[in-house]
Amino acid sequence: MLTFQTPPTLQLSFAPKQSPQIAFSSKNASLALQNSNNNQLIQSLCKQGNLKQALRILPNESKPTQQTYEFLILSCIGRNSLSDGLDVHRHIVENGFDQDPFLATKLINMYSHFNSIDNARYVFDKTRERTVFVWNALIRALALAGRGEEALSLYGQMNQNGIPSDRFTYPYILKACVSSSYSSISLLHKVKEIHGHILRHGFESHVHVATTLVDVYARYGYVAQAAQLFDEMPERNVVSWSAMIACYAKNGRPSEALELFREMIAKTQSDVPNSVTMVSVLQACAALAALGQVKLMHGYVLRRGLDSILPVINALVSTYAKCGCLEIALRVFDRMNRRDVVSWNSMISGYGLHGFGVEAVQVFRRMIGSGISPSSITFVSVLGACSHIGLVDEGKKLFKSMVSQHGIFPSAEHYACLVDLLGRAGRLEEAIRIIEEMRIEPGPTVWGSLLGACRIHCNVELAERATHRLIKLEPTNAGNYVLLADTYAEAKKWDEVSRVKKLLEAQGLQKVPGCSWIEIKKKIYSFISVDEINSQIEQLHALLVQLVMEMKEKGYVPETKFVLYELDQSEKEQIVLGHSEKLAVAFGLINTSKGETIRISKNLRLCEDCHSFTKFVTKFTERDILVRDVNRFHHFRDGICSCGDYW
DNA sequence: ATAGGGTTAG
């Protein structure tokens, strides 16, 4: 026999059955009931914010219906009041509606809204007639609450009980996979298993189900899988297109994202890009640092009237900053009439990216002053900004203020920023002490920051220690081995250099090739670092040789201390001359007009020789050169770099 | 009745 029992988490305080003290007298209430149906009275009381009173009237004065309760549940959600929700639930039970599967679904959704999962499950457990709606509702609640495993096990039970899943079940189940704590390998296995179920039940061509599949594969980096699914979709809409564009944008394939966007516009009339599409498109432009593309997209945003949508403006701010145009980013930011924490974060990181640490901290303070609470990302941004310019004390203060003033507990990412801040400034001992005293597990980002700093300051011993940890944490990241090898090379420990190189090869890992690119007349040209000259870059190479020769007379000395081969000086110089950034600079010199800033992007940190080379080029050719490396911008002008040689 | 895509960091 199922009876209503109050579980520990469901604290229903039974309201005293006294006559309500209300502006409405009971008489008025009865009258209203005679004239209209009770829903209207309840609704009007709810609209006045008087839900408690509505509930008091309910059993005495009227015969509530399913609809009445549905309305009451929705008002609790609208008013965001869990305690009212509990009251409504209690009334539902008292008035004999507790076995209504429709209301059970609504109650589960309500508890899900309040993230009160135990109560949602309680409703589920007490409901005898579990329709597919009831099952779906609880699966959804569990998936949204990050309890993926429970959602999946419920799905298993659903199958065992012979309840046929429907097209609504699968998007929830796929989300459950994402919100589970499976390791990525068993997760892929799980997603494939669910994918199999979807195929077996014939839901794969359903647009919502297929779009969710695309998204889930994309989230885990299975771009080819996602693309295949997308290609095979018999029906697509703006959401499917957006999901696929986002997939490319997020998985390091920005050109394909832009290509797909163009295809979307060309191929379909019905699927018009919306704000969500544009946010991903802008993200792709930012990844490419393609200022020309951003301006085109900005125009599109204006034409479509999407320029008042906050996430779109936020994306514009951060994209302009990432494309080297801090001025436009600031202009867009200044004109905003409403700003959320993301807007501020975008501007703070924009300043940081361009080496304006002091300004970034000022924006941070303005943000606090305007009453916006900083998020954990705010601190990553502002600490990163301090780190770029070496504001060590300011950064340390901000780090301390996280807990003391803002109640935000530093994550591994924040420690990574702090370690980077100290490490870059050469305070390696202090940095390692921070790591040793961390209360949470220092992840790869933390050791990575330390290793990066060791590489800059040529600290072999600590670099070995950091790499030792990193190899365990991310065994396939070739970058860690390379940083260690670079450190050995600078210390002239050639035996160690070759040992690390062999270690790399033995695991089939490869150094990520240096790649630089430049946008000329809205077209992107990319260059890869080469050890030898080929015909395609002959002209560029000739120009470089000539430049270097002339610059050497003016004092340029190629910096070759980090070349990973034990060669003589001229051979080393030959190698650094093939760096992709120099090729891009030469290409830029040839293909842009005098007075025009040359804008170059690079996938790695700028090497010291390219840095000093570019400084000389700006002095020598009287050109401005803007280089974005993997961390930040360098504004080269008249022989000086905005980073002040601190990067 | 229930469903799908997006923003800020390093």
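To find a chain, count down the sequence lines: A is the first, B the second, and so on, and within it residues start at 1. Predicted model only: the values in this text are computed from it and were never measured.
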Q: Between which nucleotides of DNA chain B, 5' to 3', does chain A make heavy-atom contacts below 4.0 Å?
A: dA1(B) to dG10(B)
Q: Tell me what Ser449(A) touches on the nucleic acid: a base, only sugar-phosphate, or nothing, going by heavy atoms under 4.0 Å.
A: nothing
Q: Looking at every strand, decide which applies to Val238(A) at a 4.0 Å heavy-atom threshold: base, sugar-phosphate, or nothing.
A: base
Q: Are Tyr155(A) and Trp135(A) near enough that their ring centres are under 6.0 Å apart?
A: no
Q: Residues two or more places apart in sequence or in another chain: which of them pass ring pair (Phe, Tyr, Trp, His ring centres under 6.0 Å) with Tyr222(A)?
A: none
Q: Is Arg339(A) positioned over the aromatic face of Trp344(A), cation under 6.0 angstrom from the ring centre and no more than 45 degrees off axis?
A: yes
Q: With heavy atoms under 4.0 Å as the rule, sort Asn631(A) into base, sugar-phosphate or nothing.
A: nothing
Q: Quick test of your reading of the model: are Asp629(A) and Arg605(A) salt-bridged, counting only N-O distances below 4.0 Å?
A: no
Q: What is the nucleic acid contact for Asp420(A), judged by heavy atoms within less than 4.0 Å: base, sugar-phosphate only, or nothing?
A: nothing
Q: Is it true that the NZ or CZ of Arg424(A) lies under 6.0 Å from the centre of Tyr646(A)'s six-membered ring and within 45 degrees of the ring axis?
A: no
Q: Between Tyr217(A) and His195(A), is any side-chain donor less than 3.5 angstrom from a side-chain acceptor?
A: yes
Q: Which part of the nucleic acid does Val630(A) contact within heavy-atom distance under 4.0 Å: base, sugar-phosphate only, or nothing?
A: nothing
